[in-house]
Amino acid sequence: MTDVRDPRVQDALQRACDELGLPLSYRACVYPLLRAPEGEWPQCCGGGCYPCAQTLVDVAVRTLQLLGTPRTAPVPG
């Protein structure tokens, strides 16, 4: 389980948000994904939500990559 309060995690999350264009005000939406990186994650519903679930997933995946702990399961379809 990732400690989202860890400064390294916060730095990686900020970088991922910057890279992928997610405003930092939405970073708390990524925390549940980082806390359970191998669990089931939401998928885009196609409803035009903002932020899109896929964007949150992309930010979480990038954050984990930056931390050197890439997501390994479940394998994206």
CG on L13 to CG on L67, rounded to 0.5 Å: 9.0 Å

Under 3.5 Å donor-acceptor, W41 side chain and A53 backbone: no

Any V30 side-chain heavy atom under 4.5 Å of L22 side chain: yes

Q43 CD: over 12 foreign heavy atoms closer than 6.0 Å: no

Ring pair (Phe, Tyr, Trp, His ring centres under 6.0 Å) pairs, two or more places apart, involving residues 1-20: none

Atom pair OG1/CD of T63 and Q14 - distance to nearest 0.5 Å: 10.5 Å

For C17 against R27, the heavy-atom pair lying closest together: SG-CB, 4.3 Å

Exercise: identify the closest heavy-atom pair between L66 and A16: CD1-N, 4.0 Å

Considering all heavy atoms, the nearest Y50-G21 contact: OH-O, 4.3 Å

Side-chain donor/acceptor of Q10 to backbone N/O of V4, under 3.5 Å: yes

Pairwise salt bridge (Lys or Arg N to Asp or Glu O under 4.0 Å) hits with a residue in residues 45-62, at least two apart: E19-R62

Under the side chain to side chain donor-acceptor pair (under 3.5 Å) test, residues paired with D3 that sit two or more places apart: R5

Under 3.5 Å: donor-acceptor pair, side chain of T2, backbone of L34: yes

